[in-house]
Undergrad: 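Take a look at the following structure, please.
Hydrogens, waters and symmetry mates are skipped; everything else that's a heavy atom, side chains included, is used.
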Amino acid sequence: MKETIRLASSNELEQWDTLLAENPGGESFFQQSTFITFKSKQAISPWEPRYIVHTLASGRKVYASYLVKHIALCGTYWYAPSGPRVAEI
């Protein structure tokens, strides 16, 4: 099977925190939707949330929350706070 990366579906977003707990390395508060939502609503320099599903060659799915920010003259910065958590790849 080929490795893929895609945006999470609406069904996956509804159960995001539960899916994070299924990651091989367990879950992290900094990957949970509560923290990601908090960072996206900051008044000064908010982040844009991205919820990504990585499907490994083995078929195993790894769920990761990313924060995205556009920085003038530098481009786009992607940040995965404390994640994605995996035991091994």
Side-chain angles (χ1 to χ4, degrees):
M1 177 179 226
K2 186 170 107 175
E3 292 189 13
T4 61
I5 299 174
R6 63 173 174 80
L7 293 174
S9 68
S10 57
N11 288 338
E12 289 167 328
L13 290 174
E14 289 176 9
Q15 51 184 325
W16 190 250
D17 293 339
T18 302
L19 294 172
L20 286 173
E22 295 174 6
N23 279 345
E27 64 183 318
S28 165
F29 167 76
F30 298 106
Q31 283 283 302
Q32 292 181 344
S33 58
T34 303
F35 179 76
I36 300 300
T37 300
F38 167 76
K39 294 297 280 184
S40 70
K41 294 185 187 275
Q42 289 180 317
I44 299 173
S45 192
W47 293 84
E48 296 174 33
R50 296 287 187 274
Y51 301 95
I52 306 292
V53 180
H54 303 262
T55 303
L56 305 178
S58 65
R60 174 97 192 222
K61 292 182 180 175
V62 177
Y63 303 91
S65 304
Y66 290 87
L67 294 166
V68 179
K69 185 179 287 196
H70 302 284
I71 302 171
L73 303 174
C74 293
T76 305
Y77 178 72
W78 285 62
Y79 167 51
S82 188
R85 297 177 54 97
V86 296
E88 61 184 75
I89 295 181

Undergrad: Enter the distance from Thr18:OG1 to Gln32:CD here, rounded to the nearest 0.5 Å.
TA: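 Between atom OG1 of Thr18 and atom CD of Gln32 there are 9.5 Å.
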Undergrad: Transitively linked via ILVMFWY side-chain contacts under 4.5 Å: Val68 with Ile5?
TA: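 Linked within one cluster.
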Undergrad: Partners of Phe35 by ring pair (Phe, Tyr, Trp, His ring centres under 6.0 Å), sequence neighbours excluded?
TA: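 Result, ring pair (Phe, Tyr, Trp, His ring centres under 6.0 Å) vs Phe35: Phe29, Phe30.
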Undergrad: With Glu12, which residues qualify under salt bridge (Lys or Arg N to Asp or Glu O under 4.0 Å), at least two apart?
TA: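 In terms of salt bridge (Lys or Arg N to Asp or Glu O under 4.0 Å), with neighbours along the sequence ignored, Glu12 is linked to Arg6.
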Undergrad: Answer yes or no: is there a side-chain heavy-atom contact under 4.5 Å between Ile52 and Leu7?
TA: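 Contact flag for Ile52/Leu7 side chains = yes.
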Undergrad: What is the distance from atom OG of Ser65 to atom CG of Leu19, rounded to the nearest 0.5 Å?
TA: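 Nearest 0.5 Å value for the OG-CG distance: 10.5 Å.
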Undergrad: Considering all heavy atoms of both residues, which atom of Met1 and which atom of Thr55 are nearest to each other, and what is their separation?
TA: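 Minimum heavy-atom contact is SD-CG2, 4.3 Å.
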Undergrad: In terms of hydrophobic clusters joined by side-chain contacts under 4.5 Å, are Val53 and Leu13 together?
TA: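 Linked within one cluster.
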Undergrad: Indicate yes or no for a side-chain donor-acceptor contact from Asn23 to the backbone of Tyr63 under 3.5 Å, with no hydrogens or angles considered.
TA: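 A pair under 3.5 Å: yes.
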Undergrad: For Trp78, check ring pair (Phe, Tyr, Trp, His ring centres under 6.0 Å) against everything at least two apart and list the hits.
TA: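 Counting only residues at least two positions away or on another chain, Trp78 forms a ring pair (Phe, Tyr, Trp, His ring centres under 6.0 Å) with Tyr66.
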Undergrad: List the steps and the verdict of side chain to side chain contact (heavy atoms under 4.5 Å, CB included) for Glu48 and His70.
TA: CA-CA 9 Å; Glu48 296 174 33; His70 302 284; 3.2 Å; yes
Undergrad: Looking at Pro24 and Val62, what are the two nearest heavy atoms and their distance?
TA: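 Pro24 and Val62 have their closest heavy atoms at CD-CG2, 4.1 Å.
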Undergrad: As a quick check of understanding, evaluate side chain to side chain contact (heavy atoms under 4.5 Å, CB included) for Trp16 and Ile36, giving each step before the final call.
TA: CA-CA 11 Å; Trp16 190 250; Ile36 300 300; 6.0 Å; no
Undergrad: If you round to the nearest 0.5 Å, how far is CG of Leu56 from NZ of Lys2?
TA: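 So the NZ of Lys2 and the CG of Leu56 are separated by 14.5 Å.
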Undergrad: Are Tyr77 and Leu67 grouped together when hydrophobic residues (ILVMFWY) are joined by side-chain heavy atoms under 4.5 angstrom apart?
TA: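 Both belong to a single hydrophobic cluster.
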Undergrad: So, for Pro46 and Lys69, which heavy atoms are closest and what is the spacing to 0.1 Å?
TA: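 The pair with the smallest heavy-atom distance is O-CE, 4.0 Å.
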Undergrad: If every non-hydrogen atom of Ser40 is compared with every non-hydrogen atom of Pro49, which pair is closest and at what distance?
TA: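 The answer is CB-CD, 3.7 Å.
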